[in-house]
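What follows is a single structure, written as structure tokens, with notes after it.
Model, not experiment: these values are computed from the prediction.
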Amino acid sequence: MKKFYSISELSKDLNLIDPSSNKPLNHILRYWEKEFKQIKPKILNGNRRYYDEKNIKLLKKVQFLLKEQGMTINGVKKVLNSSEPLKLDERSNHSIRANNLKDKLVKISKLIKNLKVSK
């Protein structure tokens, strides 16, 4: 028997939570559902969304590509629509946003400064 998750349960599982109110950010999942046609939750009982394991894996991939790899929506669409294996080398991936790389460099330099201060 398949297990289904509600949109709120999935938002919590993906750590899509508003830090100030501690409420799930369900609108993000609804937005991704509109952008990525591969995401197809079951809609039951008055438009309530329920996600199966296939959709959860897909959403985790979308989240990883957008948030961790810094890809754009269009870049993720290309990856999901491609039959080629997923390549996550940022140097060869042209859909990585430059400001995401800058943010990573700033974080790294702060860590280095903190390490030097703590010695």
Side-chain angles (χ1 to χ4, degrees):
M1 185 170 134
K2 280 189 177 180
K3 170 125 172 112
F4 290 91
Y5 294 86
S6 71
I7 192 167
S8 292
E9 290 172 323
L10 187 54
S11 290
K12 289 175 186 174
D13 187 46
L14 295 174
N15 203 28
L16 299 172
I17 305 291
D18 182 337
S20 60
S21 67
N22 210 30
K23 291 186 179 181
L25 299 171
N26 298 340
H27 66 279
I28 294 173
L29 293 178
R30 288 191 293 271
Y31 176 74
W32 288 350
E33 182 184 328
K34 287 179 187 171
E35 289 295 321
F36 306 106
K37 301 303 178 202
Q38 297 90 338
I39 301 169
K40 297 175 184 166
K42 298 237 183 275
I43 299 181
L44 307 169
N45 302 341
N47 292 335
R48 291 186 185 266
R49 290 166 165 78
Y50 294 95
Y51 298 85
D52 62 8
E53 288 298 322
K54 180 181 174 189
N55 282 298
I56 292 169
K57 284 182 183 177
L58 189 57
L59 283 162
K60 285 181 178 181
K61 182 185 282 188
V62 166
Q63 182 182 36
F64 174 75
L65 293 173
L66 289 172
K67 304 297 182 187
E68 299 295 321
Q69 295 296 309
M71 293 181 76
T72 62
I73 294 284
N74 285 333
V76 174
K77 284 180 182 179
K78 287 178 187 174
V79 169
L80 294 180
N81 291 327
S82 174
S83 59
E84 294 179 25
L86 183 60
K87 291 181 183 174
L88 296 178
D89 181 359
E90 290 185 358
R91 291 169 293 168
S92 67
N93 190 327
H94 301 293
S95 60
I96 300 297
R97 292 179 290 189
N99 63 348
N100 188 50
L101 294 176
K102 182 183 172 195
D103 290 343
K104 287 182 180 181
L105 288 172
V106 169
K107 287 179 184 176
I108 290 169
S109 66
K110 285 181 182 177
L111 286 171
I112 292 170
K113 285 180 184 177
N114 288 339
L115 286 172
K116 286 180 179 177
V117 169
S118 66
K119 283 187 176 182

> Heavy-atom count around Arg30 CZ within 6.0 Å, excluding the residue itself: above 12?
Replying inline: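 Yes.
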Quick one: pull up [atom1] in [X] and [atom2] in [Y] and give me the separation to the nearest 0.5 Å.
| X | Y | atom1 | atom2 | result |
| --- | --- | --- | --- | --- |
| Asn15 | Lys67 | CG | NZ | 11.5 Å |
| Ile56 | Leu10 | CD1 | CG | 5.5 Å |
| Leu58 | Lys40 | CG | NZ | 10.0 Å |
| Leu80 | Gln38 | CG | CD | 5.0 Å |
| Lys12 | Lys23 | NZ | NZ | 11.0 Å |
| Tyr50 | Ile43 | OH | CD1 | 11.5 Å |

> Looking at Tyr5, is Lys3 sitting on its ring face, NZ or CZ under 6.0 Å from the six-membered ring centre and within 45 degrees of the normal?
Replying inline: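 Yes, Lys3 lies over the aromatic ring of Tyr5.
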>> Walk me through whether Asp52 and Lys42 qualify under side-chain contact (heavy atoms from CB on, under 4.5 Å).
In response: CA-CA 8 Å; Asp52 62 8; Lys42 298 237 183 275; 5.6 Å; no
>> One pair to check against side-chain contact (heavy atoms from CB on, under 4.5 Å): Lys57 and Lys60. What are the steps and the verdict?
In response: CA-CA 5 Å; Lys57 284 182 183 177; Lys60 285 181 178 181; 5.8 Å; no
So which atom in [X] and which in [Y] form the shortest heavy-atom distance, rounded to 0.1 Å?
| X | Y | answer |
| --- | --- | --- |
| Asn26 | Ser8 | ND2-OG, 3.1 Å |
| Tyr51 | Pro41 | CE2-CB, 3.5 Å |
| Lys77 | Phe36 | CG-CE2, 3.7 Å |

Taking the side chain as every heavy atom from C-beta outward, state whether [X] and [Y] have any pair of such atoms under 4.5 Å apart.
| X | Y | answer |
| --- | --- | --- |
| Leu16 | Gln63 | yes |
| Ile28 | Ser11 | no |
| Leu29 | Leu14 | yes |

> Are any side-chain N or O atoms of Asn55 and backbone N or O atoms of Ile39, one a donor and one an acceptor, separated by less than 3.5 Å?
Replying inline: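 No; zero donor-acceptor contacts below 3.5 Å.
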> Should Lys78 and Met71 be marked as a side-chain contact (heavy atoms from CB on, under 4.5 Å) after you check the CA-CA gap, both sets of side-chain angles, and the distance that decides it?
Replying inline: CA-CA 10 Å; Lys78 287 178 187 174; Met71 293 181 76; over 6 Å; no
>> In this structure, would Phe4 and Leu44 fall into the same cluster of hydrophobic residues linked by side-chain contacts under 4.5 Å?
In response: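 Yes; Leu44 is reachable from Phe4 via cluster members.
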> Are Phe64 and Leu25 co-members of a hydrophobic cluster defined by side-chain heavy atoms under 4.5 Å apart?
Replying inline: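 Yes, Leu25 and Phe64 fall within the same hydrophobic cluster.
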> So Trp32 and Leu66, side-chain contact (heavy atoms from CB on, under 4.5 Å) or not? Walk me through it.
Replying inline: CA-CA 11 Å; Trp32 288 350; Leu66 289 172; 3.4 Å; yes
